[in-house]
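First the structure, in the form of structure tokens, and then the observations on it.
All values below were derived from every heavy atom in this structure, side-chain atoms included, with hydrogens, water molecules and symmetry-related copies excluded. Here the structure is a predicted model, which is why all the values come from computation and not from measurement. Here is the naming used below: chain letters follow the sequence lines, and residue numbers restart at 1 for every chain.
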Number of protein chains: 2
Amino acid sequence: MSEIKRGRGRPSKFDPETSLQIAMHLFWSHGYEGTSMAELTEAMNINKPSLYGAFGSKENLFRKAIEQYMAGPIAFVGEALSEKTAYEVVEKLLLNTATFLTDPANPKGCMVLMGTLSCGKEAEAIKQEMITRRQAYEMALKQRFILAQAQGDLPKDAAPETLAKYVVTIHQGMTVQAVNGASHAELEALAKLVLQNWPAPGNQAK
Amino acid sequence: MSEIKRGRGRPSKFDPETSLQIAMHLFWSHGYEGTSMAELTEAMNINKPSLYGAFGSKENLFRKAIEQYMAGPIAFVGEALSEKTAYEVVEKLLLNTATFLTDPANPKGCMVLMGTLSCGKEAEAIKQEMITRRQAYEMALKQRFILAQAQGDLPKDAAPETLAKYVVTIHQGMTVQAVNGASHAELEALAKLVLQNWPAPGNQAK
DNA sequence: ATATTATTATACCACTTGGTAAAAAATATG
DNA sequence: CATATTTTTTACCAAGTGGTATAATAATAT
């Protein structure tokens, strides 16, 4: 695909996509500030000028990495929204989250949360962007619940806004639990507890 | 109290307690790694050798600060455990948390969570200590629910362990919500939603 | 007054941070 | 071949990191 057209100068020895994947895992593991350019260049097997040539800056690299993250590892979050009922949306969301957060192949925790909850003043911009992402997620869930209410699979007296905040709060709390070392069984039990209490209709157990 | 017996050498110009309070607020605002010794010394109006003489190291200063934090700002968490019923424990816990997290006098967020969710490898020790603190909190809540079950104000078929994890997850998720900018009204509505679903007995809607 | 003691202040340490300038190497085109 | 082009490599930068040795200073005890 990119081998057909060979440029004119010295060939670059790294594949930007795989390098980005490596960066994603590093940021995912140690957060934005907790990951240094030195660690990144070493893990990616790239010299710093090449990295800066390809990605511009540490901030930009992180932004590209987080896009990869959202398109890949946590694509299931966006997909859950298109389930048929509000109950199924939440079911898919929380059960998949439990699995995702305890997958041994993944770094513990969520990249949108880790290391950007608090930070020094240099990372303030990135922190704000992560806040915006989390808010957008909550907003999307709220819209989905409003739709569900219109479609009748959520009670008339339910508050979509509060329910959205509730689910997001559970989701983000589960992330902390995963960092604390919670097992898949524990997170699954937690998710099922939430589903049990979900406002009818849709509150059929199992 | 400390004015009666005046030491022999040059008098120290700072009060360790108020200095510690300042350090607490800084760590609270920007996390462990996000706060530098330079910022600390400047805010405390102390030179570095004095600070190291009084507190030993950055790690130690943080530990002292977190003790202050637990004994002061979030003492209500421990106090909530001695409420009469499980329902009242959770009620006091979550409603006070909503108020605490949106108090304009406080930095946004919880010090036991902020900046220690992920970190570089130098802060790994502090991160672990915070994890332990969070686990201890969950454990205490679980024990309280076991007691409640024995006293009959929690159903026989309830799972104290899962309920404890549930409440702690909500609590920690609320912290993230506060960082995201949630208002007191929003967090209160969230807390009341949780209380509505609390397993009877104790599930009387106020 | 003078020695003693405990603290403050200044200057500094080695190391790491994100970021870059300049030179060297590898390819394609003429 | 030589030349143009693009990359890698090496070396470096100023600023900041946590932490400390040394000297100045201010109080008390003799």
Side-chain angles (χ1 to χ4, degrees), chain A residues 2-19 23 26-27 30-65 115-116 118-127, chain B residues 2-20 22-23 26-27 30-65 115-116 118-127:
Chain A
S2 61
E3 311 245 348
I4 298 172
K5 186 113 206 299
R6 192 69 156 287
R8 199 158 135 94
R10 176 171 179 170
S12 71
K13 71 170 194 182
F14 72 96
D15 172 36
E17 297 224 0
T18 51
S19 293
L26 247 67
F27 280 130
H30 305 116
Y32 176 68
E33 286 185 304
T35 309
S36 72
M37 294 306 285
E39 289 169 321
L40 285 163
T41 50
E42 190 189 339
M44 298 158 106
N45 198 29
I46 282 184
N47 347 36
K48 272 159 54 169
S50 296
L51 202 167
Y52 277 88
F55 299 102
S57 69
K58 189 186 180 184
E59 278 197 4
N60 248 300
L61 175 60
F62 183 81
R63 288 190 186 102
K64 293 259 173 63
T116 55
S118 81
C119 56
K121 29 186 155 308
E122 297 128 23
E124 205 67 38
I126 291 289
K127 175 187 168 187
Chain B
S2 62
E3 311 246 348
I4 298 172
K5 184 116 207 302
R6 192 66 154 289
R8 199 153 136 89
R10 174 173 179 171
S12 69
K13 70 168 194 183
F14 71 97
D15 171 36
E17 296 224 0
T18 50
S19 293
L20 191 53
I22 295 172
L26 246 66
F27 280 130
H30 304 115
Y32 175 67
E33 287 185 304
T35 309
S36 71
M37 294 306 286
E39 289 170 320
L40 286 162
T41 50
E42 189 189 340
M44 297 159 106
N45 197 29
I46 283 184
N47 350 35
K48 272 160 55 167
S50 296
L51 201 167
Y52 277 88
F55 297 101
S57 68
K58 188 186 179 184
E59 279 198 5
N60 248 300
L61 175 60
F62 183 81
R63 289 191 186 99
K64 293 259 173 62
T116 56
S118 82
C119 55
K121 28 188 152 312
E122 298 127 23
E124 205 68 37
I126 291 291
K127 175 187 167 186

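Remark: B:A54 pairs with B:F14 by the side-chain contact (heavy atoms from CB on, under 4.5 Å) rule, at least two apart or across chains. Under the rule for a side-chain contact (heavy atoms from CB on, under 4.5 Å), the partners of B:A43 that lie at least two apart in sequence or sit in another chain are B:I22, B:L26. Evaluation of the side-chain contact (heavy atoms from CB on, under 4.5 Å) rule for B:S57 yields B:E59, B:N60 as partners, not counting sequence neighbours. When the side-chain contact (heavy atoms from CB on, under 4.5 Å) test is applied to A:N47, the partners found at least two apart in sequence or on another chain are A:P49, A:S50.
Atom C1' of nucleotide D:dG18 and atom CD of B:E33 are separated by 12 Å, given to the nearest angstrom. Between the C1' atom of C:dT5 and the CZ atom of B:R8 lies a distance of 5 Å, rounded to the nearest Å. Spacing between atom NZ of B:K58 and atom C1' of D:dT17 amounts to 8 Å, rounded to whole angstrom units. Regarding A:M44, its CE atom lies at a distance of 13 Å from the P atom of C:dG18, rounded to whole Å. For the pair A:L51 CG and C:dT17 C1', the interatomic distance rounds to 15 Å; values are reported in whole Å.
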Can you give one letter per nucleotide of nucleotides 8-16 of chain D, 5' to 3': B if a protein heavy atom sits under 4.0 Å from the base, S if only from the sugar-phosphate, - if neither?
SBB------
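Taking the nucleotide of DNA chain C with the nearest heavy atom to each of A:G9 and A:G56, the more 5' of the two is matched to A:G56.
Residue A:T35 is in sugar-phosphate contact alone, with no base atom involved, counting any heavy-atom pair closer than 4.0 Å across all strands shown.
Within the structure, salt bridge (charged side-chain N to carboxylate O under 4.0 Å, His left out) pairs that include any residue of residues 40-56 of chain A do not occur (at least two apart or interchain).
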Steps toward side chain to side chain contact (heavy atoms under 4.5 Å, CB included) verdict (B:F62, B:T35):
CA-CA 10 Å; B:F62 183 81; B:T35 309; over 6 Å; no
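Between B:Y52 and D:dT20 there is no side-chain N or O to OP1 or OP2 distance below 4.0 Å.
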